[in-house]
Amino acid sequence: GQQVMQIPQYQHVQEGEDFTTYCNSSTTLSNIQWYKQRPGGHPVFLIQLVKSGEVKKQKRLTFQFGEAKKNSSLHITATQTTDVGTYFCASSSGGYNKLIFGAGTRLAVHP
Amino acid sequence: NAGVTQTPKFQVLKTGQSMTLQCAQDMNHNSMYWYRQDPGMGLRLIYYSASEGTTDKGEVPNGYNVSRLNKREFSLRLESAAPSQTSVYFCASREQGAAEPQHFGDGTRLSIL
């Protein structure tokens with residue numbers, strides 16, 4: 001079935017450094033959603049990308065959808081300790097009613 | 001607004017015991033989902049219900065059953081719990097449509113000894 005592969009699995013950064021996580025698929029995605037899960041919490045929806053080459057920003061977070069709609073990235077500028085958590089990409093391309101998640105990237109930020 | 005409510009929050013079972021995890025949403029969403037989350041494995045879809053009266057298997061349905069009791073409630077049952085089913089279980093709901101975000105409950109932390 002359709003899969004989304006996410007890299008890296010884990011990254012630790014010093015506070016103030018930038019961070020990027022990547023989501024890749026072998027098939028064309030109709031959309032990509034990004035979620036954040038704080039330690040001990042549940043995933044929370046951040047954003048959705050639909051259009052080829054789309055770029056969206058939320059404060060220090062920048063989300064991109066590739067031109068071929070097979071990859072996406074989340075970039076955080078100048079990380080803060082509040083950014084700690086696991087970031088998941090997900091896509092419903094595998095089935096209209098299903099959302100398939102990547103394995104997630106766990107971000108640790110050292111003050 | 002409660003959103004998605006899961007009960008219980010924690011549970012310990014012995015191998016072979018049965019249990020039903022409850023989930024209810026108050027957002028009038030058509031679609032509901034059950035996921036399990038294991039370290040390093042992300043969220044894996046167990047079962048989903050696209051609308052009231054329908055259920056379908058996800059990626060890892062073996063050992064589980066579900067019931068879409070009504071539009072609000074979607075339960076997950078373990079008939080004979082096994083240690084491999086130790087996990088955190090999340091229920092989610094969303095409005096029908098590929099573009100809609102999912103809303104998650106707080107999860108049930110289940111340990112099977």
Side-chain angles (χ1 to χ4, degrees), chain A residues 1-11 21-25 27-51 54 56 58 63 65 69 85-107, chain B residues 2-6 9-10 21 23 25 27 29-61 66 68 74 87-109:
Chain A
Q2 174 249 321
Q3 288 185 316
V4 286
M5 309 301 293
Q6 213 172 331
I7 54 171
Q9 187 174 6
Y10 172 75
Q11 187 159 0
T21 174
Y22 301 90
C23 188
N24 300 301
S25 173
T27 59
T28 302
L29 303 171
S30 61
N31 61 44
I32 196 89
Q33 296 184 355
W34 286 93
Y35 292 77
K36 176 184 178 181
Q37 183 178 25
R38 295 182 186 274
H42 60 270
V44 175
F45 175 77
L46 294 176
I47 209 160
Q48 173 167 266
L49 305 171
V50 178
K51 299 176 183 176
E54 189 169 14
K56 288 187 177 180
Q58 288 180 349
F63 304 84
F65 202 8
K69 300 182 74 174
T86 301
Y87 293 84
F88 293 98
C89 63
S91 178
S92 58
S93 299
Y96 182 74
N97 290 306
K98 294 190 298 184
L99 200 62
I100 302 299
F101 283 79
T105 295
R106 187 159 66 95
L107 173 64
Chain B
V4 180
T5 303
Q6 289 184 240
K9 295 190 183 306
F10 303 93
L21 307 186
C23 176
Q25 52 92 9
M27 295 173 282
H29 287 164
N30 283 304
S31 302
M32 297 186 72
Y33 305 82
W34 277 105
Y35 292 89
R36 60 177 289 173
Q37 185 174 36
D38 303 298
M41 297 291 290
L43 292 152
R44 291 185 292 169
L45 183 63
I46 305 171
Y47 270 94
Y48 67 102
S49 171
S51 60
E52 187 178 355
T54 68
T55 60
D56 286 285
K57 294 179 180 179
E59 302 168 86
V60 289
V66 291
R68 183 73 183 267
F74 188 37
S87 190
V88 180
Y89 290 85
F90 286 102
C91 178
S93 73
R94 70 170 174 165
E95 191 45 80
Q96 232 169 7
E100 297 297 322
Q102 284 197 340
H103 301 264
F104 286 83
D106 289 338
T108 294
R109 282 146 183 83

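Each chain gets a letter, A, B and so on, in the order the sequences are listed, and its residues count up from 1. Just so you know, these numbers use all the heavy atoms, side chains as well, and skip hydrogens, waters and symmetry mates.
A/G41 and B/F90 make their closest contact through O-CZ, 3.6 Å (heavy atoms, listed as atom of the first residue, atom of the second, distance). Contact record, A/Q33 with B/E100: NE2-O, 3.0 Å, taken as the closest heavy-atom pair.
A 6.0 Å sphere centred on CD of A/Q9 holds no more than 12 heavy atoms belonging to other residues, nucleotides or ligands. The 12-atom threshold is exceeded at CZ of B/R68, counting heavy atoms of other residues, nucleotides or ligands nearer than 6.0 Å.
The line from CD1 of A/I100 to OH of B/Y35 is 6.5 Å long, rounded to the nearest 0.5 Å.
Looking at B/L45, only its side chain comes within 4.5 Å of chain A, counting heavy atoms on both sides. Contacts between A/Y35 and chain B at a heavy-atom distance below 4.5 Å involve the side chain alone, from C-beta outward. B/R109 touches chain A through its side chain: at least one heavy atom from C-beta onward sits under 4.5 Å away, while N, CA, C and O do not.
Among B/G105, B/A92, B/S51, the residue making the largest number of heavy-atom pairs under 4.5 Å with chain A is B/G105. Residue with the most contacts toward chain A among B/G107, B/G42, B/S49: B/G42 (heavy-atom pairs, distance under 4.5 Å).
Side-chain contact between A/F101 and B/Q102 is present, with heavy atoms from C-beta onward closer than 4.5 Å.
Ring-centre distance between B/F104 and A/F45: not below the 6.0 Å cut-off.
One side chain, A/Q37 or B/Q37, offers a donor N or O that lies under 3.5 Å from an acceptor on the other.
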For a side-chain contact (heavy atoms from CB on, under 4.5 Å) check, start with the C-alpha distance between A/H42 and B/C91, then their side-chain angles and the critical distance, and finish with the verdict. CA-CA 10 Å; A/H42 60 270; B/C91 178; over 6 Å; no
